[in-house]
Amino acid sequence: MVWRWSRKREVRLVTRAVLAAVLLAALLLPRVPALALTLEHGTTDKRITEGMLSNTPPSDYEIDKSIQGDAKDGVYNDYFLKDDVQTVSIEVDENNLNYLLQNAADKPTVMTKSVTIGDKTLGYTGLKTKGNYTLQHAVTDNPGSDRFSFTINFGKFIKKSNGFSKRQNFFGCHKISFNNFYFDKSMMKEFIAMKLMSEMGLPTPQYGLAKLYINQKYYGVYFMVEALDSSILEQHKGVEDKDLSPYLTKPEESTLEYDTAMDRFMKQDGTFDLGTVLKQDGNGLYKASGALKKQSYLWEDDEETLQDVAEMMPTVLGWQRKLTLLSQGKDFQGNKIDVNSDQYLKLLEEIMDVDETVRYFAAHSWLVQLDDMFVVLRNMGLYIDQDGKSMMLPWDYDLSFGCYYPSMAETTANMHIDLMYRADWIAFTDQPRTKETLDYTRFPFFQVIYQNDALMERYHQYMKDCSKIAALGGRTSDGKTYEPCRFVSSISKMEDALLRAADQKLAKNVYYLNKTEQPQDARAALPNLKRIIALRALGVLLQVDGMEAVVSGYGCNLETLGNAVQGMNSFRGRIAAIDEDTGVYSVADYQSSRSDNSPSLRLREMESGELVYQRIIEQAGGAAGLRVYTLMDTARASGDYMLYFPASSKEFADIQEIYSYDGSGSLKKLEVKKEEDRYCVAAASIEYLVFKGGGSPEEKGPAASSRWIALWSGGAVLVVAAAVVMILWRRKKKRR
């Protein structure tokens with residue numbers, strides 16, 4: 001009986017405990033969802049609502065006139081550092097910050113207290129999250145990290161409609177974005193892409209790297225880039241904002257083909273009357289309806305953007321119709337026209353800055369960025385002026401160098417120069433790479449270039465210019481001369497500062513996204529970024545020059561850059577290889593087996609203390625005017641190498657003679673030919689090369705010894721003279 005009573009009591013106690021737990025859980029239940037949500041993103045366990053925000057600037061705030069300006073003057077360019085990492089600090093009310101972080105996917109805008117860029121501070125700017133695919137994944141796949149991409153709008157709250165004298169700006173710049181490198185472990189792919197676009201003379205946003213702090217907490221390194229805004233064009237064209245049309249957008253989900261359903265709104269003179277489908281409501285806001293509403297991609301499907309561009313819509317539709325007609329080989333009246341005629345080019349110039357567009361697509365193709373207007377129908381800027389003439393602006397290049405596709409170094413290096421879209425990945429097939437295998441008829445903005453022989457010849461020349469600017473050096477079609485390895489040098493200049501910034505301790509609510517570990521990932525990625533730049537430069541050059549050879553991707557692992565894989569490399573056939581640190585490249589035939597390595601080059605100048613160097617100098621009869629190199633190839637060619645040395649390099653300029661040394665004790669003089677911007681030699685053995693003339697060779701061996709003896713002797717004389725003066729001065733002082 002006792003046992004039974006005790007058992008019943010135990011059950012009763014357990015039951016009461018369970019009921020108490022259920023009651024407690026019921027009391028706490030309303031709080032649980034909020035707690036779970038706020039733990040995902042933000043710095044508080046409290047759910048922040050819109051009514052808790054501080055989004056009204058003080059009425060007595062005064063704009064700092066010293067920081068205002070015109071974009072055309074380019075003062076703000078200096079704050080986008082090109083050889084260092086900028087520091088940007090944001091101060092924002094904690095409720096505002098947490099509302100932004102908790103609702104990041106909706107891209108709300110909140111007001112900051114201040115933003116400091118370098119040594120300049122502005123008050124009460126707008127701050128919002130940005131992005132599409134990457135933002136969604138940053139929100140859903142990275143709980144606990146608030147390292148979103150952001151945009152700062154300097155005049156969002158400080159503007160005339162809010163009672164201020166003008167819209168606040170940063171030396172004429174209106175917005176700056178900070179991208180979080182979701183797909184870029186090197187943290188420099190987009191930096192390099194924008195550098196190329198800029199040096200190709202395109203209207204390119206200002207760009208740089210930045211350390212971002214929010215409320216004194218470190219959010220890590222970001223890509224700092226001027227938002228796609230009129231300020232870019234003001235500076236590019238050297239005009240004021242009032243001289244530009246308001247139509248600057250990023251169209252998405254469209255090939256920009258004209259929809260003939262809009263013909264019903266076209267008047268006899270070819271202009272458009274949209275009065276029935278584009279009207280202002282009682283508040284003066286434009287509303288699109290009917291057939292026009294289906295064209296909402298023309299204003300980014302955004303009602304706020306529609307207000308800016310509504311009055312331009314008749315002009316935009318007229319431009320779109322004319323562009324589509326020309327792409328179909330018709331004039332503006334719909335009559336057939338020869339696409340290689342002067343008449344065609346004249347009509348095209350009426351609706352497009354032709355040279356700018358050709359340059360844009362040449363640089364775009366060179367960068368192998370297939371997360372683009374052809375594949376995913378986005379990531380381009382489009383400007384149309386009051387006269388219906390367009391320009392293309394670069395935007396969103398974080399997946400450059402094949403990191404969206406083809407994802408492997410060798411395929412990226414050899415990507416066909418005319419291929420910018422996905423057609424069952426022609427790059428992998430055995431189809432001949434000709435115009436007949438490619439089709440741009442769905443994309444009128446490039447088809448009008450692609451179908452004209454003269455424009456495509458210019459396009460290929462500009463692609464070759466890209467190779468010279470980025471890696472190979474030489475004289476471009478603009479008459480400018482570049483040294484080789486310029487972009488490798490740019491990365492090297494930034495590398496230490498970038499790695500130090502990436503090594504700083506992050507805030508508790510922040511970590512690098514997409515399984516990235518910094519700075520170790522950048523340290524592994526940057527050498528491969530340097531290499532893929534050189535490989536792509538060579539791949540483009542060979543195609544434009546009509547040289548049948550495959551560029552070896554050996555030694556370049558795109559997987560380290562993010563969103564790519566390490567692929568196979570060619571080991572047999574006619575293969576080209578390049579040394580990214582000098583721009584020297586080779587073309588040779590290989591008959592290797594799969595067990596052998598693929599080709600890759602590494603050039604190194606030898607030191608006077610090396611035994612082989614001494615033997616070579618002995619054979620040459622002295623070191624004066626000579627430099628000795630060792631050139632390593634990871635494979636062995638089956639015949640002669642064709643070696644190419646950049647003539648624009650200080651190291652190889654004005655070469656007089658080149659010799660090869662095969663270790664047998666004799667030097668063989670090679671025949672040197674000058675081909676455009678390079679010296680070319682054929683050599684059976686490349687392990688040791690001796691250069692006479694060219695550059696400013698450092699003296700080695702006896703010559704160097706004589707120089708150091710002379711310097712030492714001169715120094716010794718000065719020391720002795722100083723000692724004598726000191727002794728005489730002391731004796732004179734003692735006598736006194």
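Counting begins at 1 with the first residue of the sequence. Just so it is clear, the values below take in all heavy atoms, side chains as well, and ignore hydrogens, waters and symmetry mates.
With hydrogens and angles ignored, the 3.5 Å screen pairs no side-chain donor or acceptor of Glu226 with any backbone N or O of Cys173. Gln168 contributes a side-chain N or O that, together with a main-chain N or O of Gly123, makes up a donor-acceptor pair within less than 3.5 Å. No donor-acceptor distance shorter than 3.5 angstrom exists from the side chain of Ser407 to the backbone of Cys403, with no hydrogens or angles considered. The backbone N or O of Asn169 sits less than 3.5 Å from a side-chain atom of Gln68, completing a donor-acceptor pair. The backbone N or O of Phe223 sits nowhere less than 3.5 Å from a side-chain atom of Asn179 that would complete a donor-acceptor pair. Looking only at distances, a side-chain donor or acceptor of Asn103 sits under 3.5 Å from a matching main-chain atom of Tyr99. Here the side chain of Gln518 pairs a donor or acceptor atom with the backbone of Ala522 at under 3.5 angstrom. The backbone N or O of Pro519 lies less than 3.5 Å from no partner atom in the side chain of Asp503, so there is not a single donor-acceptor pair. At distances below 3.5 Å, at least one donor-acceptor pair connects side-chain atoms of Thr516 with backbone N or O atoms of Leu513. No donor-acceptor pair under 3.5 Å is formed between the side chain of Arg531 and the backbone N or O of Leu526.
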- Task: Begin with the C-alpha distance, continue with both residues' side-chain angles, and end with the deciding distance and a verdict on salt bridge (Lys or Arg N to Asp or Glu O under 4.0 Å) for Lys480 and Asp465.
- Result: CA-CA 10 Å; Lys480 298 179 182 177; Asp465 286 350; over 6 Å; no
- Task: Take Ser400 and Glu190 through the test side chain to side chain donor-acceptor pair (under 3.5 Å) and record every step on the way to the result.
- Result: CA-CA 7 Å; Ser400 299; Glu190 198 161 10; over 6 Å; no
- Task: Run the numbers on Thr121 and Thr116 for side chain to side chain donor-acceptor pair (under 3.5 Å), then give the verdict.
- Result: CA-CA 4 Å; Thr121 300; Thr116 301; 2.8 Å; yes
- Task: Apply side-chain contact (heavy atoms from CB on, under 4.5 Å) to the pair Arg523 and Glu495, showing each step before the final yes or no.
- Result: CA-CA 9 Å; Arg523 192 173 287 115; Glu495 195 165 352; 5.8 Å; no
- Query: Taking it one step at a time, do Arg486 and Glu199 satisfy salt bridge (Lys or Arg N to Asp or Glu O under 4.0 Å)?
  - Reply: CA-CA 11 Å; Arg486 292 180 66 254; Glu199 298 207 18; 2.9 Å; yes
- Item | Test log, rule side chain to side chain donor-acceptor pair (under 3.5 Å), inputs Asp396 and Gln369 | CA-CA 9 Å; Asp396 200 348; Gln369 202 294 80; 5.8 Å; no
- Step-by-step side-chain contact (heavy atoms from CB on, under 4.5 Å) determination, His236 to Met391: CA-CA 11 Å; His236 181 74; Met391 294 179 70; 3.8 Å; yes
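Taking the six-membered ring where the residue is Trp, Tyr397 and His364 present perpendicular rings, their angle passing 60° and hence far from 30°. The aromatic rings of Tyr644 and Tyr585 sit parallel to each other, their planes meeting at less than 30°, with 60° as the upper class boundary. Ring-plane geometry between Phe374 and Phe445 is classed as tilted, the angle between the planes lying from 30 to 60 degrees on a 0 to 90 degree scale. Ring geometry for Phe645 versus Phe652: interplanar angle of 30 to 60°, hence tilted.
For the pair Leu53 and Asn96, the tightest heavy-atom approach, listed with the atom from each and the gap, is CA-OD1, 3.4 Å. Between Ala227 and Trp395 the shortest heavy-atom distance is CA-CH2, 3.9 Å. Residues Ser467 and Val540 come closest through the heavy atom pair OG-CB, 3.5 Å. When every heavy atom of Ala409 is checked against every heavy atom of Gly553, the shortest pair comes out as CB-O, 4.1 Å. Between Ala576 and Leu538, the shortest heavy-atom distance links the atoms CB-CD2, 3.9 Å. Contact record, Gln543 with Asn414: NE2-O, 3.4 Å, taken as the closest heavy-atom pair.
Side-chain polar atoms of Ser177 and Thr151 form a donor-acceptor pair below 3.5 angstrom. In this structure, a donor-acceptor pair under 3.5 Å is present between the side chains of Thr43 and Glu94. Judged purely by distance below 3.5 Å, without hydrogens or angles, the side chains of Ser570 and Ser598 never pair a donor atom with an acceptor atom. Side-chain atoms of Asp579 and Thr582 form a donor-acceptor pair, as typed in the model, at a separation below 3.5 Å. Counted by atom type alone, His41 and Asn142 present zero donor-acceptor pairs between their side chains at under 3.5 Å. Thr560 and Asn528 share a side-chain donor-acceptor pair at under 3.5 Å.
Separating the OH atom in Tyr383 from the NZ atom in Lys237 is a distance of 5.5 Å, to the nearest 0.5 Å. The OH atom of Tyr297 sits 13.0 Å away from the CD atom of Glu252 when rounded to the nearest 0.5 Å. In this structure, Ile417 CD1 and Arg536 CZ are separated by 8.0 Å, a value rounded to the nearest 0.5 Å. The distance from atom CE of Met420 to atom CE of Met415, rounded to the nearest 0.5 Å, is 10.0 Å.
With contacts defined as side-chain heavy-atom distances shorter than 4.5 Å, the pair Tyr219/Asp146 qualifies. Using a 4.5 Å heavy-atom cutoff, the side chains of Leu97 and Thr112 are not in contact. For the pair Leu498/Met187, a side-chain contact is recorded, criterion being any heavy-atom separation below 4.5 Å from C-beta on. At least one side-chain heavy atom of Leu212 sits less than 4.5 Å from a side-chain heavy atom of Phe150. Looking only at side-chain heavy atoms (C-beta outward), Tyr360 and Pro394 come within less than 4.5 Å of each other. Annotation: side chain of Ile90 is in contact with side chain of Leu127 (closest heavy-atom distance under 4.5 Å). Between Asp581 and Leu603, every side-chain heavy-atom pair lies at or beyond the 4.5 Å cut-off. Counting heavy atoms from C-beta on, the side chains of Ile48 and Gln102 come closer than 4.5 Å.
The distance between the ring centers of Tyr459 and Phe446 falls below 6.0 angstrom. The ring of Phe170 has its center closer than 6.0 angstrom to the ring center of Phe154. Aromatic ring centres of Phe171 and Tyr79 lie closer together than 6.0 Å.
Other residues, nucleotides and ligands place no more than 12 heavy atoms under 6.0 Å from the NZ atom of Lys515. Remark: Lys217 NZ is loosely packed, at most 12 non-hydrogen atoms of other residues, nucleotides or ligands lying under 6.0 Å away. Surrounding NZ of Lys530 are more than 12 heavy atoms belonging to other residues, nucleotides or ligands, all under 6.0 Å away.
One finds a salt bridge joining Glu580 and Arg602 here, because a Lys/Arg side-chain nitrogen approaches an Asp/Glu carboxylate oxygen to under 4.0 Å. A salt bridge is defined here as a Lys NZ or Arg NE, NH1 or NH2 lying under 4.0 Å from an Asp or Glu carboxylate O, and Asp398 with Lys189 fails to meet this definition. Arg359 has a carboxylate O that lies under 4.0 Å from a charged side-chain N of Asp478, or vice versa, which qualifies the two as a salt bridge.
Within the cation-pi definition used here (under 6.0 Å to the ring centroid, within 45° of the axis), Lys82 qualifies as a partner of Tyr207.
Checking each of Tyr222, Phe178, Tyr218 against Tyr213 for a ring pair (Phe, Tyr, Trp, His ring centres under 6.0 Å) leaves exactly one that passes, namely Tyr218.
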